Amino acid sequence: MVDSNHKGEVVFENVTRAVQTKKTETIILDHCSFVIESGKLTVLIGPSGCGKTTIINLIAGYEKPDRGKVLIDGKPVAGPDRERLVAFQETALFPWLTCYDNVMFGPLATKVMTREEAHEQAINLLEKVGLGDFLYKYPMQLSGGMMRRAELARALINRPTVMLMDEPFRGLDAMTRELMQEYYLRLVEESHGTHLFVTSEIEEAIFLADRLIIMTNKPSRVKHALDIDLPRPRIASVLRSKRYLELKALTLEILHEEAVKASMASGKADIAIDSGLRT
Amino acid sequence: MVNNGSKQNGEGRISVRDVEKVYDPEGVNVRALEECNMEIEPGEFVMMVGPSGCGKTTLLNAIAGFSNVTKGTILLDENVIAAPGLTQAPGADRIVVFQGGALFPWKTVLDNLIFGPVVQGKNKDEAVAEARKLMDKLGLNRNTEDMYPGNLSSGMKRQVEIIRALINNPKVLLLDEPFRALDSLSKNLMHEYLLEVFEITKKTIFFITHDLEEAVFLADRVLIMTTRPGTIKAEIKVDIPRPRNYKVLSTDRFAELKERAFEAVREEALKAFEAGERELA
Amino acid sequence: MKNQINTIPEKINESDFVFERPSFLSKIFNLKMVLNTASVLSLFVIWGLLVNFGIYRFVLIPGPAEVLEWGIKWMGSKDFWMDASLSTLRVLGGFTFACLIAIPTGLMIGWNKIFSDLTFPTLEILRPIPGIAYIPIAILFFPWEEASVAFICFVGAFFPILLNTITGVKLIDRDYFRAAQCLGSKPRHIFWHIVVPGALPSISTGAALGMGIAWMASVAGEMISGKWGLGYRIWEAYTLIRYPLIVDGMIVIGLLGLGSSTLIRFITLRLIPWRKAITESLDESITK
Amino acid sequence: MSASTLNTTSNLWKQVRKTVANWTTVRRIMSVLLFLLAWTILVQFTGQFHQIPTPAAVFAALFQLKLGVIFTEIFRSFVRVLCGFLLGLLIGFPIGVAIGYSRIANYLLFPAVEMVRPIPPIAWIPLTVLFFINIESQIVFLTFYGAFFPIVYNTMGGISEVDIRLPRAAMSFGINRMGMLWKIILPAAMPQIFTGMKVAIGITWLMVVAAEMIASKGGLGYWVWYHHTVMEYPMVILGMGIIGLCGALCSVGIDVIGSHFMKWRNIF
C-alpha cells in the first residue's frame, strides 16, 4: 500500500485529544486511528464540530495529541513545518501584503530559494491559478474565490509533502465552489502530492477524493472509509455517473445518521428536528 | 395561526411584471434587474438560483418592501406592492427569513415568537398560547422557550425563525438563503424540516439560493437568474413526487434535473467568477 | 458575504505564540502566580528602595510605610469621609446627567438620519475640546461650586457615552430592523424592541469609560476650583507639606474610580442577560 | 459583473450635486446655525447667563487676537504634547508589545501596570510638582503619563486579538520568533495600535491644558486661564475653540500617518 518512493504518509495511532474549557473537558478525538496514504487525495468528512479541524491542527503541528501518536513517514510530528502546509477556512492571507508578496512570503522566510527563483515561480503559479492580472492587489480587493486561489498558490510554491486543506472553500457560493473544485483538482492531478481535504459537503467530498474517511460525531473516530474509484481526470460529468450516485447514496446513508445524532447533541435541549414532526 | 386552506383560497400569488431596478451609487447607474417577469402560484414552492450579486436579493427586497423598483409592478394577490414611486411598507403578509438569521438575540425564544402578534396589537396571553400550539405542531421542543437564541444550534435558530414567521399567518414566505451558514449535513436536515413545514402549511414559498442541490431538492419550480442585469433565463419544473426525503438526492432523476440546472447556470457562474469583482451578496 | 459561523473569531491562546511547551520547572511552581506576585511586590519594593536611599529627588517622596501610617490616620478622621463622599456625589451627579442626556440623544442620532444631521455636526465640533478646558466656563455658568465640578464631570462623561451609544445603534444588524418591519412593527416598537436592547452592550462599555473620565475630570475640577473633595485634598496636602497624604489621596481616587467602573459593568451586565448566551456559544465554537 | 453605465457625461455634475446640494448638507449647516442661535438667545434674552459672551462677541474677539502671541502659545502647548506623546510611545509601545507577545513579560509586568492604571493622570499633579524642579519637565511628565496607558493597553490588546490563523500560517512557513513579531504580529495589530495612539493624543491634550492651568507657565491652558482671571470671557471661549481645533488636528494627523502605514486597509 505504501509506495516507498512517495513521501508524506500520515499515520494516526490511537490519538486522543481533549480541550479544556472553563467548566468542562471536552473529548474531541477518541482513540482515533487512520492512515493518509502518500500521493493520494484523502477527504475527511463528518458532521460539524466533529473535530476535523483538530485533525488538521495535529498534523500541522499546531496542537499536540494528549495520547497516541501522529506520525509522518514514521516520525512523530514535532511542530509546524513547511513540509505540511495548511489552506485555512475562509483563508488566512496576510491582509497587509499584496497577492504577490503573500506568495513570496514562504520562500523568503525560509530562504530555500533565491529571490529570482521564487519570483519566477510565484508569477508562474499565480498565472496558473488565474491571478496573473491581480499580482499587486491586496487580499481585500479580491473576490472570495480569488482569495482561495491565492491561498492555494501561497502554499503550493513551498512544495509541501503534505497539503492540508481545512474546508478551504467554505463560505463561497455553490457555483464558485464547483469551479474552485475543478481548479483544485487540476492542480492536484498535476502535482501528485499527498493531500488531506477536510469538508462537510458530500458532493465535494466524493468529487475530489481518492479515499473518503467518514468521521463520527464528537468524540470522533473513523466511522467508515471508502475508496472512491471514479476515473481521473475528473470533470463535472462524473457527477451524473451511476457509480457516483451509488457512492453518494451510501455516504448519505451513513452521514444522515450521524447528522441526526449531532443535531440532537448540539442543541442544549434535546431537540429532534426529524421526529418531532411525524408524531 | 396557520391556515391550512390558503391554497384553496388562492392567497399568496406573487406576480412580478417587467420589473427593472437601477441603483445609482455615486452617479453611476447600475442595472440590477431588467425585464424581470415571474408568476408564483398560491401554495407553490419556487426556488430562484443565480450566482452571487446577480440581483436575486434585489428582487426579494423589492417584494418584501425594503427597496423600490424603477420600472414595472409587483403584485401580491392583485394588490400592487411595488411600482415606481410606490412601495408598500414591509408587513406581516410577506415575511422574510434572512441569510444570517435575524432572531433578536436579546429576546428569549418565546418572546421572539410572540413579537409579531404583540406589536400588531394582539393580547399577549393569546399570542403565547398560539406560539405554544405552533411549537408543538411544527416540532419545536417547548424546553427551548426560555432560552436565548445564543444558546441554540444554528439549525434550531432557523427553525425558530421559520415559526416566528408562520405565527403571523403570512401570505408568502420569502427565504433569503437562510441555510447558508449551516454545514451541509445540518442543512440537509433543515431541508427535510422545511419540506414538512411546507406540507403542513401549504404556504407560498419564494426561496433564493445559489445552491443547485438545495434548489432541486426543495422546489416545485426552479427559476434561474442571469448575472447583472438580472433577468430570468430559464425555468425547470421539478417533478419529483412529494413527500421527499434525503434519499431523493442520489436518484437518477434528481441528478438529471440538477445537471440541467447546472448547464443553465454554468455560463452565468463563469461570467461572475471571471469578472473577479468582490462578491456582492 | 460572511456567514455567521465563520465570523466568530477564534480566541487566541497565550501559549500559541510560545514555540516550546512549558518547561518542567514552570509546571511545578506555577510560573504565572510566582511572577504575578513578584510583579506586585516589586512595585512596592522599588518604590520603598528609591525613597529609602533618596536617589535624586526621591527624598521628597513619601515611602510606603509613611503612606500607610498617614492613610490609617486619615481614614479615621471625619474629613476623609466628607471628601470621599462629596467627590463621589459630584461624579455620580455629573455622570447621571451625562447618561440621561447622552443615551437618548445617542439612540436618536444612531437611529434617525434627520435628527443625526441636525445635532451631530455641532456635537462633533464640541467634542475635541477637553472637559478640563470647560472649567472657566463652568465657573461662570454655575457660581455654585458643587455644580461647576459636577458640570465638568458631565462634560467628561458625556462624549464617551454618546459616541458609544451611537456606534451601538449603528452596529445593530440591518436585518433586525427589517425582520421587525416584516413582523408588523411601528417605529415605536422598533425603537423599544430593537434600538434600545441592541445598543445596550455598547452603552455599557461607554458608561464604564465615561465613569473613568468623570473621575479624572472631578479631580481636575476640585484641584482648580474646589474647597472640598479628594482632588482638593491632595492639592492642599501638597501646599501644607503633608506629602504622604497626596499618595493616600491618589490611591483612594484610584480605588473609587475602579470600583465605580466595575459597579457600572456589573449593573449593565444584569441588564443584558443574553450576553451570557452569546459568550457561551462562542466558548463552544472554540472547542470545535 | 460589469456595471452597465448610463450617461457618463453627466456623472461629475451628478456627483457634485449629490455631495453638496442636498438636504443632508443643508441640515448639517442648520445644525450649527441653530446651535449658535440658541446660544445667543440663551445669553441675550434670559438674563441668567449675561456674563457669558454671545457668539457675536466671540467672533469679534477673533479680530483682537494678537497672532504672534497666540501662535507662541499654540507652539508651546504643541511641543509639550508632542514630547509627552512621543515619550509615551517610546516607552509604552515596547512594554505593550512585551506584555502582548511574551508570556513571561505578561506575568511580570501586567499586574504592576494594572495596579497603577486606575489612578487618573491628573491626580499625579501634586507628586509631579514635588518631584520635578523644572516646570517644563513636570508638564511633559504628565502628558507622557496620560499617553502611556492607552498606548500600552491598545498595543497589548491588538496583539492578543490577532487572528490565530495568521501566526499559524507563518509558523508553517518556518519563520523565526523575531520575524513573527515584525512581519506578522505587528502589522496585524497595527489598526488597534493606532486607535490607542488616537486616544492617547486626546488625553495628552487634556493633560496639557490641566497642567498649564495649574502651572501658569505659558501655553494654551494658561492663556485661557489668564483670560478667565482678567474676565475677558470671549477670549476664553476662543481659547477653548483653539484647543479643540488643535486636538482635532492631532487626531487627524495620526489618522493620516496610520493610513500611510496601513495602505491595505483603506482600499475601498
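The sequence lines fix the lettering, A, B, ..., with proteins before strands; numbering per chain opens at 1. All values reported here derive from a predicted model rather than from experimental measurement.
There is no contact between A/E167 and chain B, counting heavy-atom distances below 4.5 Å. Neither the backbone nor the side chain of A/L131 has a heavy atom closer than 4.5 Å to any heavy atom of chain B. If you measure heavy-atom distances from A/E178 to chain B, the contacts under 4.5 Å come from the side chain alone.
When B/L249, B/N188, B/T251, B/D211 are compared by the number of non-hydrogen pairs under 4.5 Å with chain A, B/L249 comes out ahead. Heavy-atom pairs under 4.5 Å with chain A peak, among B/E214, B/K187, B/E213, at B/E213.
Closest approach of B/H210 to A/L172, counting heavy atoms only: CE1-O, 4.2 Å. Smallest separation of non-hydrogen atoms from A/K242 and B/D252: NZ-OD2, 2.9 Å.
Remark: A/Y100 pairs with A/H119, A/Y136 by the ring pair (Phe, Tyr, Trp, His ring centres under 6.0 Å) rule, at least two apart or across chains.
More than 12 heavy-atom neighbours from other residues, nucleotides or ligands sit within 6.0 angstrom of NZ on A/K223. For B/K107, the NZ atom sits in a packed shell: over 12 heavy atoms of surrounding residues, nucleotides or ligands are nearer than 6.0 Å.
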